[in-house]
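Structure record follows, encoded as C-alpha cells.
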Amino acid sequence: MDRHKFLRSIELRRSHPAASGPLAGPGRSAEQARGQGPGASLAALRALFFPLLACAASAQQPAPAPAQAAPEPGAPAAEPQEPAPGPEQEPAPTPSAPPTSRPKPLPEPQRYPGYAPLAGERGQGGLNRVAYRIQARLDPRPARAPAAGPVEPAPAAEGASGEGLAASGGEPAPAPSVPAATPLAAPEREHFTLSGALELDLENNSGEALQDLWFHLYLNAFANNRSTHLTASRGMLRDTKVSDEWGFSEIRSIQLLTAAGPIDLLPSLDWRWPAVPNPLDRTVFQVDLPEPLAPGASLRLAIEWESVLPRVRRRTGTKGDFIFLGQWFPKLGVYEPGRGWNCHPFHAFTEWYADFGTYDVRFDLPAAYADKVFASGVRTNQVPKGERVLVSFAAPSEEDRTLPDRPQPPAAGAAGRARRLIDFAMAADPDFRSFTKPFRFEEWAARFPAEVERARRAFGPEFSPALREVTVEVAIQEERWVQAERHYEAACAALFFYGLWYGEYPFERLTVIDPAYGASEAAGMEYPTLFTAGTRLFTRRSMHSPESVTIHEAGHQWFQGLVASNEFEAAWMDEGLNTYSDSEVLRRVYGDEHATTDYGGVPFDGVALARFGTGLSGRFLALERVPIDPFGWLDLPDLSPRRPSGFLDFWREQPLFTLAPRRSDPRQVDRRGFLQSPDVDPLITLAWAARDRTSHYTNTYTRTGTALRSLPVLLGAAVPGLDGEAAFLRGMRHYATLWRYAHPYPEDFFEAFEAGAEVDLEPLFEDLFRSTKSGDWSVAVRQEKRAPDKGFFPGPDGRFELVEPPAGESEWEIEVLVSRRGDLCLPVPLRLEFEDGNVVERVWTRAEQQARTWLRLEYQGPVKLRSAQIDPQQELYLDTDKSNDRWFADSDPWLGWRWSERLFSQLTQRLGWQKALGG
Amino acid sequence: MPIQPQARVSDTPIFLRSFERAWRRPAAYLTAGAGLVLLGLLGAYPAYRTIDALAENRYPVGSQRFNLEANFWVDHAPELSELFSAVSTAAGLLALLAWLFGAFTAGGWLRMLLDPGRGNGRLFIVGGARYFWRFVRLALLVALLMHFVGLLCHGPLWKRWVVEGLAGLPGGKLELADSELTVRRLDWAQSGLYSLGVALLLSWALFTRARLVLQNRRSVLLAGAQTAWLLLRHPIRTLRPLTLLLVFEALGLAGLTLLFRSLEGGLREPDGAAWRLPTLLGLALLFVLWRELTHGARYAAALEVSTVLVKPLVVDPWEDRVGGPGGPQYPLSDSDEFRVSM
C-alpha cells in the first residue's frame, strides 16, 4: 500500500470510525454487506454522519466559503489556478479533538490534476462512452419497519440489450442480486427506499490513461443541512425550508469486473470536494483503479447502493406515492483530456455534466405502479410478478441506438455520430394518466409556412426541412386531464421550431411528466427524452402555463441533451440559449402572456394597479390588520377584520370590471429579468464565483437570452447589407449541429457561431459575454420654427443693411441628439421620419461611439420631424432603458385618462366596501 | 321621540319596493356616490399626472392605451413603483375616511327613507350627523365581530376540525393532499363559509342600524343583541329581501361589466379613444352609483321589515303630567303642593 493510500485510509478511518462496518475493506460477508438488522444500518448511518459529529466535537471548522466576490468589472476571467498538489502533498487529516475556542481551518480545496481556467478553454466531442445497466427496487416503508428478505435476482429483461448483465470477456455472468432494503433509520413517516445495482461499461476515448474514477452521488445533497447544496441555498430548496424528510445514498460495494474475478474498489473510496471545500458533503467520490485504464481500453464496474429517497424538494424524491427519480444512481463524471476529471459537488446553483451513453434499466415496484411508470427512452417490457411489477426501459431505444445521427443541412453537423443520452430519469405515480400522440412535421409546417420559408432563406435553397415523427407521451394527473392536449401541443411546438432552427430531435419518443400535487418541486426540469412540466388546475392558454415551462424543458433536449455543455461551469450555454429560444417559440405560437389575478384559485384576466393600504399603518387604516398592543400581554393576536376569501374578495373588488389588462411579450419579459442584474458579473462567471444568486441566474437565463436576441439587429447594423436575422440563424444552427453529442465550452460556441454567421464577432462577444458592460442609448429632439432674420446683415457689398422678415412660413430647425450612457458600444440603427414621408436611416457605428458618447444631427427645412427612433424595430433588448429610444412629435392625450380611470375604478370599489363596513 | 311605524301597503316584493323607494331619493345616492367618487379621484389623480409625464412624446399614439407593455413597466419601474406605493399608502387613509363616511351616509339614508317625501340634501346631512357616533360604535363592533368570524373560518379550529379531521390531512398540511382539487374545494368551502358569515354579519348590522333609528336607541350592544334575536326568529323575512337585492345588484353590475369590456377592447385602435374613454369613465361612475343605489335599497328593505317586526319602545305620554285626558295638565315639580281629599 503506497503512502498515498495509507494516508487516505487513515483519513477514512478517522472520518468514519464505523467504517469497519459496511464501508470497511474487502472480504466482508454478504451479511455484512446487507447489514444485520437495525444495528448495522445504524452503524452505517453513523459512518455516514460521523463527519458531522466529528466536526461538532472538534474545533468547529468554519462553514464552507459562500460565493466568492465578483471580479472587478472588465477584469479578465478567473486567474489560472495552481495545479492541485499531488497526493503526497495532501495535508495530514486533522484528528478529532475536543472543542476548542478557535475553529480549525478547512483543508485546501481539492482540485483534480490538470485543472485549467475557463477562459480560452475548448470542448471536446465524442469522447468517453458509458453504458449503464441498472436494476432498482423501490419499496415504500413506514418508519422503522423490519428488513425485507433478500430480493431474488430478476431474469434478464426481454428486448433489452442483448448483453444483459454480462461480465467483460463475453461470458454471461449471473445477474447481480439486488440487495434487500435494510431498515434505515428514517423520519417518522412513510418513505421510499431504493436498492440498486448497476453495471457500468466505460470506454476510454480520452487519449489519456485513467488512474482513477470519479463519481457523482447527487442524492446525498439532501442528506443533511450541511451539504454543499443546502449550505449554498441556505437551507431553502425551491422556496421551502428543508428541515426533515432527508434522503441519501450509501455505496455498498464497488467492484471492478475482470476476467480474473472481481476486484473490490471500496477500500479506496474517497470523498472529494473540487472547488468548493466542504468535508460534510458526500456528493462526489473517487475510487482508484488497480491499474491505469489505457487509452482505447474499456472496463466494467459493478456498484451496489442503497438509498432513502427524500421528500421531493428539488427535482428528485417522493411525495406520497408519486416518485421522481433524477440523479438517483452513482454516476460517472466526465474526464477531459488535459484537464482531468470534471466532477463537481452538487452545488445549489448548478446542474449536471455527464458523458453520452446508453441506459438499460429495470425497476421493481409495487404492482400499483403497473402501466404508471415513465422513464427516459422507451419502455421495453413490463412483467407482473405477484404484488410487484418489473418494468424495463431502454434509452435510447434499440433502434435509435443503432441508427447514426442524420445530416443536419446546410452543414453535416454531427452526421454519423451515435445517438446517445447523458442521463436517465423516471417518474411513477398510480394516478398518472397517459396521453400519447405523434408529432408530425408536415402539420406544423402547414401551420407556420412563413417560418419554414424564413429558415430556407437563412440556410440556403438546398435546405429542405423534414423532421422525423416523434411519439409525444404526456403522463398527467387525472384532475388535469383537460390540459393533456396543451402539453402535447407545446411539446410539438418545441419539436418543430427547435428542429427547424437547430436540427431535428433524433429520438423516437419524448415524454412529458406532470408532477403530483404537492410535488411541484419536481416540476420544470429536463432530462434526456423526458422532462417534467408543471401546471395548476385552472389555467388558460393565454397565461402561457403550462406552455412556457413545457416548451422550455422540451427545448433542453437540444441544449443540453444533445449539445451537452458543462452545466456546472457554463450553465448559460444551455439555459441562456434555451431561454432565448423558448421565448421566440412562445411569441410565435401563443402571443403575449396575459397576467391574471386569482380569486379562489380561479384566474381572472388583469391586475390591480395598486395595493390597498400597505405597511402597518396602511393595513390598520384599511382594517386589514389592527394591532391591539395594550392586550399584547394576553398573547392575543392582532385583529384581522379582513381575511383572504376568493368569493368575498371577488365581490368586493369586482375584478371583471376593475382589473387592468397586463399583456407581456415574452421577449420583453426576458429583458425584465436581464435588468435585475445587468452588469454585476461577466456573463461567463462560474456559478459559485458569482456575487449572489440573482447575478448568477440572471447571467444564466435572461441576460444570455437578451444578448442573443439583440444579435440579429447588431449584425444587420454592423455589416451593411447583411440580413442580420438570417446570419444569426446560421450561426446558431452551425453551433447546435456541430456540437451534438459533444461537450462544448464557451469558446466553442463563439467560434462555431462566427463560422456559421460568417462574421467576425469577437469584439461583440468580448463585450457581451466576458465583460460587465452595459449601455443606454437615448434620443432627444428639439425642433422649433427658425426665427426670421431681423436686424442688420452684411449685404453684397459687405455693408450692413436692414433686413425685413420674409413673408410666409419660416423653416423648421431640427436638432436630434443621440446619446450613449454606459461603456457598451454597439452599432445601433437610427430612423428619422419627417411629416412629408421622407425617411432618413443610418447607423451610429461602434467606432463612432467609441470616439464620442453623442451624435448630433441637424436639419433645417419646411417640414417638421414626425419621429426619431433608435432601433425602430425595438429589437435591441440590451438597452437598459428603452423609454428614451424614441421620440414622437405627437403625444397621446388620452393616456393619463385611461390609466387613471382604471385606478379610479379599483379604488372606488375597494373604498365602497370600506364604506359599507362603516355603514 | 320614537318614530311611528308605517303599515305595509302592497304585495309587490319588498326588494322591488325598496329599490323604488331608494330610487326616488336621488339626493341620497347622489350625495353618497359623490363622496365616494371624490375619494376615488383623490387617489387616482396622481396617476393621471404621472402617466402623462412618463409617456410624453415617447410612445406612438395609441400604443399604450389598451395595455402598458412590459418595456413600459420595466423602463419606468422606479416612477411607477413610487406612484403606486404612494397611492397604496394614501388608500389606507382614504379607507378610513370611507369607513367614517359610511357611518355618516347610513344615517342619512335612514333619515331620508323615513321621510315620506323625496327628501333633500339637508335631510341627508341632518340624519347623517344625528346617528353618526352610534353608527361608528356599531362599525367598530362589526370589525371586531368580523375578526371572530375570520378566526372561526381561518383559525386553528378550521385547521384541526376540517383540514385534519374531515379531510384527513395530517397536521392540517394542505400540501399533503392527493390532489389540487381537494385543496381547491377546501379553499372554496372555507371562503364560502367566511363570506356567508360576513354577509350575515353585515345584514345584522343593517338591521341594527334600522332598529337604532326606529327606536332612537343609544345602546348599540343592546340593539345588536335584539337584532340578532330578530334574525334568528325571522330569518326568511329579514334576509330574503336582502338576498334578492344582492342578486339584483349583481345583475346590474354584470351588465355594466359586459358593456365596459366590449368598449375597452376598442382601445387597441389608434383612433378609438375619442368617444370610448369618456364613455368608459361614465360607466365607472354609473358602477359607483348603482352600488350606492342598491345599498340604499337594502336600508329601505331593512326599514320596511323592521317596522313590522320591531315594536316601538313603550312610552307613557302622561308620565310627566298630572291629571288625565281632558283635565288640566300640569307638569309636576318639587315646589308644587297638592292634597288628596276623599
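So that the names make sense, note that chain A is the first sequence line, chain B the second, and so on, each numbered from 1. In this text the structure is predicted, and so the values were computed from the model without any measurement.
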Check your understanding: Aromatic rings A:F657 and B:F287: how do their planes relate, parallel, tilted or perpendicular, breaks at 30° and 60°?
Key -> parallel
Revision key, fill the gap. Across all chains, not counting sequence neighbours, the side chain to side chain contact (heavy atoms under 4.5 Å, CB included) partners of A:L656 are A:F604, A:F650, B:T257
Point to revise | Per-residue contact mode, B:L246 against chain A (heavy atom under 4.5 angstrom) | key: both
Check your understanding: Between B:R291 and A:Q909, is a side-chain hydrogen bond (donor to acceptor under 3.5 Å, both in side chains) present by the stated rule, with each step listed?
Key -> CA-CA 9 Å; B:R291 297 203 89 167; A:Q909 292 312 304; 2.6 Å; yes
Practice item. Give the C-alpha distance, both sets of side-chain angles, the deciding distance and a yes or no for side chain to side chain contact (heavy atoms under 4.5 Å, CB included) between A:Q654 and B:L256. Key: CA-CA 11 Å; A:Q654 293 295 317; B:L256 287 170; over 6 Å; no
Point to revise | Minimal non-hydrogen separation, B:A98 against A:Q914, with atom names | key: CB-CB, 4.1 Å
Practice item. Establish, for the pair A:R672 and B:W73, whether the NZ or CZ atom is under 6.0 angstrom from the six-membered ring centre and no further than 45 degrees off its axis. Key: no
Point to revise | Main-chain N/O of B:N71 paired with A:Q668 side-chain donor or acceptor, under 3.5 Å | key: yes
For a quick test of your reading: what N or O donor-acceptor pairs under 3.5 Å do the side chains of residues 134-144 of chain B make, sequence neighbours left out?
unit_1, atom_1, unit_2, atom_2, d
B:R134, NH1, B:N216, OD1, 3.2
B:R134, NH1, B:R217, O, 2.5
B:R137, NH2, B:R218, O, 2.9

Review point. Nearest heavy-atom pair of A:K915 and B:A32: which atoms, and what distance?
Key: CE-CB, 4.2 Å
Point to revise | B:S179 versus chain A, the contacting section by heavy-atom distance below 4.5 Å | key: both
Check your understanding: Taking the side chain from A:W899 and the backbone from B:Q64, do they hold a donor-acceptor pair closer than 3.5 Å?
Key -> yes
Revision key, fill the gap. Interatomic distance, CZ@A:R898 vs CG@B:L280, rounded to 0.5 Å, equals 7.0 Å
Exercise for review: Sort B:Y299 into side chain, backbone, both or neither according to what part of it lies under 4.5 angstrom from a heavy atom of chain A.
Suggested key: side chain
**Study point:** Side-chain donor or acceptor of B:E180 paired with backbone N/O of A:Y517 under 3.5 Å
**Key:** no
Exercise for review: Please assess A:N884 against B:R58 for the test side-chain hydrogen bond (donor to acceptor under 3.5 Å, both in side chains), listing each intermediate value before the final yes or no.
Suggested key: CA-CA 7 Å; A:N884 52 22; B:R58 290 298 183 180; over 6 Å; no
Revision key, fill the gap. Taking every heavy atom of B:A44 against every heavy atom of A:L903, the minimum-distance pair comes out as CA-CD2, 4.0 Å
Check your understanding: So do A:V602 and B:R184 actually touch side chain to side chain, heavy atoms under 4.5 Å?
Key -> no
**Study point:** Heavy-atom check, side chain of A:P661 versus side chain of B:E264, under 4.5 Å
**Key:** yes
Check your understanding: For B:F66, is it the side chain, the backbone, both or neither that has a heavy atom under 4.5 Å from a heavy atom of chain A?
Key -> both
Review point. Are any of the side-chain heavy atoms of A:L648 and B:Y194 separated by less than 4.5 Å?
Key: yes
Review point. Side chains of B:L202 and A:L917: does their closest heavy-atom pair fall under 4.5 Å?
Key: yes
